Amino acid sequence: MRVAEILAYFMVIIPVLLVITVILGHDSYDQGNGFAEASRIIQIKQEPNVTSSDDSTIQRDQKRNDSVDLSLLGGLLVSGFKKDSCLSRYQSYLYRKASPYRPSSYLLSKLRAYEELHKRCGPGTKPYTNAERLLKPKQTGDSDSEGCKYVVWMEFSGLGNRIISIASAFLYAMLTDRVLLVEGGEQFADLFCEPFLDTTWLLPKDFTLTNQFNGFAQNSAHCHGEMLKRKLINGSSVSSLSHLYLHLAHDYNDQDKMFFCAEDQSLLKNVPWLIMRTNNFFAPSLFLIPSFEEELGMMFPEKGTVFHHLGRYLFHPSNHVWGLITRYYQAYLVKADERIGLQIRVFDEKSGVSRQVTNQIISCVQNEEILPKLSKTEQHHKPSEDEEDEDFKLKAVLITSLTTGYFEILKTMYWEKPTVTRDVIGIHQPSHEGHQQTEKLMHNRKAWAEMYLLSLTDKLVISAWSTFGYVAQGLGGLRAWILYKQENQTNIDSPCGRAMSPDPCFHAPPYYDCKAKTGIDTGNVVPHVRHCEDISWGLKLVDNS
């Protein structure tokens, strides 16, 4: 016990004595002791280029925030979706440069408001059920739709036309506080992910009017244009209508085009269900309707970015299509210093490979320095292990075409001859379907994958009049070079020209002044709605700055 007490005493007293010694001898330790030197090193003020632990945390948080901002496209998208249900929604930013166009805060607020509206009024909700009852001849029970109104997009035309027309219909839905529902069924769901959280934009298969869709035409009893023609539509008559059919396809007539008049918009706002058939990007003409003008200006300060923002918001490739996109990208495009898209659409599919079109393509890509010219002499460069050749570039060209003819010509050209810049050109073409086959699912999968791949390129050349090219240009936020349409296979002075903006062209706009009740050139009304580069009578949204 005595020994234990002594040991306990020393265990207490010795640490106390050491502390006293350190305090009293601080100065002497500072003069020659290594601990003091270590202390001084710790206390030295860090240089500006040294990152403290706090700075590291801030930078790490900033990188994380930047990554989230990029993946959500600057607030365009919302989080909350299951990532494995739509991989493209969360991975697309890894394959594309950040957009030079940021969505406005007002557009973001409108999108968030629309999402709430769609969740409240979409399929499966009580307001939707009640609103659908209005379409039935003998409605029973509660018919209160709680103010929910709808615009139904009818499946129509090729995939490029569908995409740009749905974007237009969605813009119209936002402007008029309606819920957009799209017809398309299983094929549509196979191509695109759901864009809205916890709801669906697909029109239910058992929708009351689905069986009547094939009968909707310009002479239908419920067609807006036909009712105008017969003077059956006015403020009082429209209040009793449960639905109206809007014919806004390329072949619509003067009465159908009255849809773009403020007076008719005032009437349409009271109709619960609008059923729309269109294959046009009709957004430019919405900018000419006075009641929409101010709000559209706040939504899109950069006017030529309507499809760029709405397209990236709405259209996310399904996992199956995303697999086609990413596998091809990794195999053929990822290692290139520059990626160039070349979309070739010859509308006369029976004409085969045209010498004039071939010359036009080569003149465009070489004159605009998109691709280098060919050298007349062989230039052999011996690779060095010690130094890198900084002048050497690998350019990957992605060609999309229904035929392989133009691909074979360009591939042979750049294989048999060196380029004057010594750049190496790789020519790639994912598919060659021969002709458009809109009714086939796999054809549409490939088409959608190729549009998206084109949108991932650094420079893009597209064919005039082609909505396939418009989609790629718009999604990528690119100002493509447009191959002008050659009439009667004759050469033209300029093979191609630069697009004014990334937005598509409205191929069949109205030419009518609703107020003056007379014809007018709608391409000269406001500076941000002009005639298209590839179709002289078409309308296009451009930045008016």
Side-chain angles (χ1 to χ4, degrees), residues 117-118 121-123 127-139 143-157 165-166 168-183 201 203-204 207-280 282-283 285-286 289 291-292 508-510 512 514:
L117 176 68
H118 200 112
C121 299
Y128 172 85
T129 302
N130 290 335
E132 192 180 9
R133 283 200 184 109
L134 299 174
L135 301 171
K136 298 176 181 178
K138 296 179 180 180
Q139 61 177 10
S143 62
D144 182 14
S145 61
E146 300 182 26
C148 295
K149 297 178 295 181
Y150 303 83
V151 55
V152 176
W153 175 89
M154 293 175 63
E155 189 175 26
F156 183 56
S157 199
S165 63
I166 288 172
S168 301
F170 177 64
L171 178 60
Y172 178 70
M174 281 203 297
L175 290 169
T176 56
D177 296 320
R178 292 179 179 272
V179 170
L180 171 68
L181 297 175
V182 296
E183 182 195 18
W201 68 337
L203 184 71
F207 179 62
T208 301
L209 299 181
T210 299
N211 293 333
Q212 301 179 36
F213 280 1
N214 290 335
F216 283 150
Q218 288 173 284
N219 59 356
S220 300
H222 278 267
C223 178
H224 166 245
E226 179 67 13
M227 292 186 76
L228 282 177
K229 184 178 179 181
R230 296 168 60 188
K231 298 181 180 179
L232 297 176
I233 190 168
N234 53 50
S236 58
S237 65
V238 79
S239 62
S240 62
L241 294 174
S242 61
H243 70 280
L244 269 177
Y245 167 64
L246 304 172
H247 189 83
L248 301 179
H250 62 280
D251 61 349
Y252 61 165
N253 58 36
D254 290 341
Q255 286 76 34
D256 298 321
K257 293 176 184 178
M258 297 300 285
F259 168 83
F260 295 104
C261 289
E263 183 179 346
D264 284 75
Q265 283 301 317
S266 181
L267 292 174
L268 293 175
K269 70 180 182 181
N270 297 313
V271 182
W273 292 90
L274 298 178
I275 317 298
M276 179 184 294
R277 177 181 278 122
T278 179
N279 56 354
N280 279 306
F282 58 79
S285 286
L286 295 180
I289 300 175
S291 56
F292 297 154
Y512 187 71
C514 300

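Worth knowing before you read on, the calculation uses all heavy atoms, side chains too, and leaves out hydrogens, waters and symmetry mates. Just so you know, these numbers come straight off a predicted model, no measurement behind them.
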Worksheet, complete the sentence: Residue set satisfying side chain to side chain contact (heavy atoms under 4.5 Å, CB included) with Ala217, at least two apart, ordered chain then number -> Asn219, Ser220
Worksheet item: Of all residues at least two apart in sequence or in a different chain, which pass the side chain to side chain contact (heavy atoms under 4.5 Å, CB included) check with Ser168?
Response: Phe281, Phe282, Ala283
Worksheet entry | Partners meeting side-chain hydrogen bond (donor to acceptor under 3.5 Å, both in side chains) with Ser291 (sequence neighbours left out) | none
Worksheet item: Do we see a donor-acceptor contact under 3.5 Å between the side chains of His247 and Tyr245?
Response: yes
Response to the item:
With sequence neighbours left out, the residues meeting ring pair (Phe, Tyr, Trp, His ring centres under 6.0 Å) with Tyr512 are none
Practice prompt. Please name all residues satisfying ring pair (Phe, Tyr, Trp, His ring centres under 6.0 Å) with His224, sequence neighbours left out, ordered by chain then number.
Written response: none
Practice prompt. Would you check if Ile233 and Leu244 make a side-chain contact, meaning some heavy-atom pair closer than 4.5 Å?
Written response: yes
Worksheet item: Just by distance, do the side chain of Asp256 and the backbone of Asn253 share a donor-acceptor pair under 3.5 Å?
Response: yes
Fill in: Set of residues satisfying side chain to side chain contact (heavy atoms under 4.5 Å, CB included) with respect to Glu263, sequence neighbours excluded
Lys517
Discussion item. Checking Asp254 now: which residues fulfil side chain to side chain contact (heavy atoms under 4.5 Å, CB included) with it, not counting sequence neighbours?
Written reply: Lys257
Item to complete: Could I get the full list of side-chain hydrogen bond (donor to acceptor under 3.5 Å, both in side chains) partners for Asn214, not counting sequence neighbours?
Response: none
Discussion item. As a quick check of understanding, evaluate side chain to side chain contact (heavy atoms under 4.5 Å, CB included) for Met227 and Leu241, giving each step before the final call.
Written reply: CA-CA 12 Å; Met227 292 186 76; Leu241 294 174; 4.0 Å; yes
Worksheet item: Any idea which heavy atoms bring Trp153 and Ala169 closest together, and the distance?
Response: CD1-CB, 4.5 Å
Response to the item:
disulfide bond (SG atoms under 2.5 Å apart) filter on Cys223, not counting sequence neighbours, yields none
Worksheet entry | Qualifying residues under ring pair (Phe, Tyr, Trp, His ring centres under 6.0 Å), relative to Phe259, sequence neighbours excluded | Tyr172
Worksheet entry | Which residues share a ring pair (Phe, Tyr, Trp, His ring centres under 6.0 Å) with Phe156, sequence neighbours left out | none
Worksheet entry | side chain to side chain donor-acceptor pair (under 3.5 Å): pairs with one or both residues in residues 174-183, sequence neighbours excluded | none
Worksheet item: In terms of the angle between their ring planes, are Trp273 and Tyr128 parallel, tilted or perpendicular, with boundaries placed at 30° and 60°?
Response: perpendicular
